[in-house]
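A short worksheet on the structure shown next.
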Amino acid sequence: MKTSISKKISSILITTISIIAIFMLIIFFISIWKLRFNDIGSRHAQISQIFSKFIARQIDQQVENMNTYVNSPWWLDAIKEANLRYENWESKAIQEYMARMDKQWVALSDNQLQEWLGSALGQRLKSLVENDSNIAEIFLTDQYGGLIAASGKTSDFYQADEEWWQLAYNNGIGHNYFGEVELDESSGVISSAIAIPARDEKGRIIAIVKAVVDISNFFKETENYIIDKTGHSVLINEYGRVIYCAGIKPMSAAPLSAILIKKLVDSKYAFSIINLGRSEKSIVSISEVNSTYFKRNNIHWYSVILQDEGEVFLPLYKIFSIVLIFTLVLSLFVIIFVQGITRKFFILPLNEINKGMRRFSEGKQDYRLNLKTGDEIEDLATSFNAMTDDLMSTTVSIERLNKEIVERKKAEDKLIKLLAEEIKSREIMASMLDDNNKIREDLERSLNELKEVQAQLIQSSKMATVGMLAGGVAHEINNPLTGVLNNVQLIKMIATDKKDFSFEEFKQLLDVIEESALRCTKITRSLLDFSHASKKESLLLSLNEIVEKVSILVTHELKLQNILIQQDFQPGLPAILGDPQLLQQVVFDLIFNAKWAIEKKSEKTGGAITIKTQYETGKNEVCLSISDSGIGISKENLDNIFQPFFSTKEVGQSTGLGLSIVYRIVSVHKGKITVESEVGVGTTFKISFPVISEI
């Protein structure tokens, strides 16, 4: 279906104006958004800095006040007088006194506490607590940590074992201490400990004063700070826990993670838009409280201003809606105006030209176009008129027609030649494809032959193994058969002599005969299973059963060498998919490699082989490990042990194919094999197979 030029122009016009309008709206929105974001973010950052400086100043002032108290002449005189009690005391006597007082402290009555609470210094401390709303508790210790005076009864008499005391004293070179926030769950009060060392004229520490400060008073200025409906101030620690915020229980929430805090502090502007786990994102600005005593005591508090993103950008969304409506109206007006201009200057002249073409096709060769547009359309009309004049004055000549026929003949001959060359090319390609098919068939035949040789090699190795086991298996079968024979002869003797023989005694002899016969059957079945050639089929198998069958065959051989097999099988292992004969060959080869390594370690026989199975849940794999206490493998040989024909054994003792066959069998079963070894200590082979289903 044809589309008129008018519709095409309208479509192009609408598309162009829409793209321009959308592009301008996007630029406008991004510009205004960035402007608003930077303005609000900067303002919030300034407010958070003001609050952080205010809090730091409050804390520094409180510490300085305490420092002024403790280093006043009156306090220092009282402290020196209290320290006189230790004059001429030995260190051991002081320690015994502290231990005794600390033990008796809890049981002391109010009358007995008058020495510390009723003294002039104690009354001064009590008055200080009553007059300073920031201080909840204050007490003073001597240079050894014993209590001098207190505003109230303390939990302990001896304070030198407390962390705050040790940091404030610091082996006599201490400093002012400010502790982390602590929350009193019963009262909901948040407090920090301030510890100030008192010094004599020589700068020696002669006492430590500790004040428990109700720090909520420091933040009253920020409590009522609200921006619009959702903006508010929060004080947090370095882990994001709320220290103080109106309406939130201290230390009960973490609006920011430690990672986000570091990201904000390290950023250029110290503010950003962050998803705090709510339905709407928030603009967050942050400023660290840079108190002098925070840096010294490795404390990090942050003043944070939070406000919902939607509330911040609501005016922007309103402005954008107005601009969008205005843009749509303006675009519609422009489209209508441009369509009118296009119709007048382009569509109508083109329709006139189209009308002339139809008249000419109808045979009116004298029809002329009379367009005066002053542009290319007028030139097109002039060309149309010239064309009609030429057609009327000329006819097609015979020579021109003959020439055209000759040229067409040449073109046809050239085309026939090209077709012949293409046919020849296709024949060559077909021949190449036949050669490729032959090569592929030869490769497949060689691969099948290689697989057959590999299977024969594995079976030959297995039959050689059966020969090695024949003596041990015969001995294992001979023992239970001897028991069977002895019991049968005993029954015959009893029957011949016609002695009294109860049914229970007869049954016991038959049970022994049955147990011995079953053991023979189990041993022979294991040997038959092992000696059978692989059927090249995969079955659902239990790794424990595979290892158990091989263990039955090699037990006697290992006992002769005084080698102990230690088995650690995880019960109920998930099933694996594999060929039982091939997997038995893997276990046998690894056990006999371990046997050789143990024998090689010393002229004396003896050692241990540990076989362990387990299920690794995270990898969904069943694992088999075989460890020995043998000679071990050197580091330079570890990378080559799975290579064909590589062997550390003496010439004639090995073909060098055992471990390469093991590696091949494990790979075919989509498993992995690794080895760890230490020379003189032993070797561990670990094999893992993917789990198929539960047995």
Side-chain angles (χ1 to χ4, degrees), residues 39-69 128 131-136 138 175-183 188-196 211-256 260-262 264-267 269-272 282-307:
D39 178 65
I40 296 296
S42 299
R43 180 154 55 91
H44 286 186
Q46 292 174 358
I47 296 171
S48 64
Q49 290 173 5
I50 292 172
F51 284 167
S52 65
K53 291 179 180 178
F54 173 79
I55 295 169
R57 187 164 58 251
Q58 291 281 91
I59 291 172
D60 291 349
Q61 184 63 48
Q62 186 66 51
V63 176
E64 290 303 319
N65 290 342
M66 293 299 305
N67 195 55
T68 302
Y69 294 147
L128 187 60
N131 295 323
D132 192 340
S133 61
N134 292 338
I135 301 177
I138 185 170
H175 57 76
N176 295 342
Y177 168 83
F178 191 95
E180 274 288 5
V181 172
E182 294 181 355
L183 172 64
V189 174
I190 51 175
S191 61
S192 287
I194 298 176
I196 308 293
V212 178
V213 181
D214 181 0
I215 64 172
S216 62
N217 293 326
F218 296 164
F219 315 130
K220 293 297 184 181
E221 295 294 330
T222 66
E223 181 175 1
N224 298 321
Y225 179 76
I226 298 176
I227 306 173
D228 298 327
K229 295 181 179 179
T230 63
H232 59 280
S233 173
V234 182
L235 184 70
I236 62 176
N237 61 16
E238 61 184 314
Y239 306 106
R241 289 286 178 182
V242 171
I243 297 175
Y244 188 85
C245 180
I248 298 179
K249 183 180 179 181
M251 309 304 290
S252 64
L256 296 178
L260 284 178
I261 292 173
K262 188 177 186 309
L264 283 170
V265 172
D266 294 342
S267 68
Y269 301 104
F271 59 86
S272 181
S282 298
I283 292 183
V284 181
S285 63
I286 190 169
S287 177
E288 185 170 3
V289 179
N290 291 317
S291 169
T292 304
Y293 304 101
F294 279 15
K295 295 179 181 177
R296 185 178 298 167
N297 292 280
N298 195 27
I299 294 175
H300 301 278
W301 291 0
Y302 300 91
S303 175
V304 180
I305 304 297
L306 304 171
Q307 188 174 7

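For this chain, numbers begin at 1 and follow the sequence in order. Scope of the values below: all heavy atoms of this structure, side chains included, with no hydrogens, waters or symmetry mates.
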At their closest point, which heavy atom of I55 faces which heavy atom of V289, and how far apart are they? CG2-CG1, 4.1 Å

Donor-acceptor contact below 3.5 Å, side chain N297 vs main chain I299: no

Looking at V304, is its backbone amide N or carbonyl O close enough to the side chain of S48 to form a donor-acceptor pair, meaning the two atoms are under 3.5 Å apart? no

Between OG on residue S192 and CH2 on residue W301, distance to nearest 0.5 Å: 4.0 Å

Under the side-chain hydrogen bond (donor to acceptor under 3.5 Å, both in side chains) test, which residues partner N176, sequence neighbours left out? none

Who are the side-chain contact (heavy atoms from CB on, under 4.5 Å) partners of D132, not counting sequence neighbours? Q62, N134, I135

Considering residues at least two apart in sequence or located in another chain, which fulfil the side-chain hydrogen bond (donor to acceptor under 3.5 Å, both in side chains) criterion with Q61? N65

Got a second to check how far T68's OG1 is from I196's CD1, nearest 0.5 Å? 9.5 Å

Can you name the residues that form a salt bridge (Lys or Arg N to Asp or Glu O under 4.0 Å) with K53, not counting sequence neighbours? none

In Å and rounded to the nearest 0.5 Å, what is the CD to CZ distance from E64 to R57? 14.0 Å

Output the distance between atom NE2 (H175) and atom OG1 (T292), rounded to the nearest 0.5 Å. 13.0 Å

Measure the CD1-OH distance between I138 and Y69 for me, rounded to the nearest 0.5 Å. 8.0 Å

Under the rule for side-chain contact (heavy atoms from CB on, under 4.5 Å), what residues qualify as partners of Q46, not counting sequence neighbours? none

Give the intermediate values and the outcome of side chain to side chain contact (heavy atoms under 4.5 Å, CB included) for residues F51 and I305. CA-CA 10 Å; F51 284 167; I305 304 297; 4.1 Å; yes

Which atom names give the shortest non-hydrogen contact between Y302 and N237, and what distance separates them? CD1-O, 4.0 Å

Contacts of S287 that satisfy side-chain hydrogen bond (donor to acceptor under 3.5 Å, both in side chains) - sequence neighbours left out: S52

Would you compute the distance between atom CZ of F178 and atom CG of N298 and round it to the nearest 0.5 angstrom? 14.0 Å

